[in-house]
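As structure tokens, the structure follows; a few thoughts come after it.
Lettering of chains follows the sequences in order, A, B, ..., and the numbering in each one begins at 1. Hydrogens, waters and symmetry mates play no part in the numbers below; they use all other heavy atoms, side chains included.
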Amino acid sequence: MSGKVTNGGAGGSGARDEGAQRLDAAFFARWMRTAADAVRREADRLTELDSAIGDADHGGNMRRGFDAVRAELDEDVPATPGAVLMTAGRKLVSTVGGASGPLYGTLLRRTGKALGDAEQVTGEELAGALRTGVEAVAQLGGAAAGDKTMLDALLPAVEALADSGGTDLGAARAAAERGAEETVPLQARKGRASYLGERSIGHRDPGATSAALLVAALAEAGQVPSGEADAAGGTGTEGGA
Amino acid sequence: MAAEGSKKRVGIVLVSHSKEVAESVARMAAALAGVPDAPVAGAGGLPDGGLGTSEELITEAAHRMDEGAGVALLADLGSAVLTVKALLAEGDELPAAARLVDAPLVEGAVAAVVTAAGGGDLEAVAAAAEEAYSYRKL
């Protein structure tokens, strides 16, 4: 866990490196903070969706969890992308208090673990690691595509990201949003909503909705070139303080 | 805490969304087993007493009940099950020989506590709790 790992010791792809996006710990911390903002903004909506087919605690639970993640990152940002996600995941498991804690916690921890201890990762590596994380969620919850769960947003997002070689976060965002919207006509087969049987049809799944927020936050974090984000406003934004 | 003699007993942790459910079932199981000091504890609700599942309370209870012969965890549903599974899958928070038992919470707790109090090992405790699924009521 300590010590540096030089990334990409293997030769051969050096010529492409200047074109490939490198994602560092600051990028992943920005993803988590952006997600915390989004969860805060949408907490009431998540709770409202959850009150239709669940126990009306999703917004509050997610806000408590991501606020704690933000507070943790305000204290200290771990040195590597993997460590940022593992820290965030651990925080979610310990603070959310509902099923989304272990589910999102597992997603981030497994994704972080799959990223290893490289100081920077490529989009392609992120896509592969996210797939590992999403598969761990599926295994933990015993759910599959079409069960009206967060997987219905996450699986298409991971597919879209992989299809673009890990470069198109916007496509992942669109796929997650579409997947969440497409949970409306589904009947829930997992979680508390499954007790409702056919009455769960016609409602958008709160877990898929929050998962889409998380993917959207990833895309937003990617819109600021890593490394320049905290420096000057090099991206054409006015620097009014 | 340890039983008469030095025999280590299997610890049992009952994970519920509700603090009251977890603690009441733990008390009831110990009473029905006739072992007031049985190594069974509830880990219910959130640290503030609200409904939910707390990784912290589960981990704390598991270590408190661990006499060195393993810890069996029984959970009610949803996040209680998922939190225990995530803890077991991810890491080092729980005692080494901790195990989620696939059992109904109340009936399984009684069977587990009786078996543990009688000196059964983790395998026997888990089997007894799981068997509780087959006690039909009609």
Nearest heavy atoms of Leu140(A) and Leu82(B), plus distance in Å: O-CD2, 3.4 Å
Side chain / backbone / both / neither for Ile58(B) at chain A, heavy atoms under 4.5 Å: neither
Which atom pairs, one donor and one acceptor, sit under 3.5 Å between chain B and chain A?
unit_1   : atom_1 : unit_2    : atom_2 : d
Thr53(B) : N      : Gly97(A)  : O      : 2.8
Lys85(B) : NZ     : Leu140(A) : O      : 3.4
Glu90(B) : OE2    : Arg110(A) : NE     : 3.0

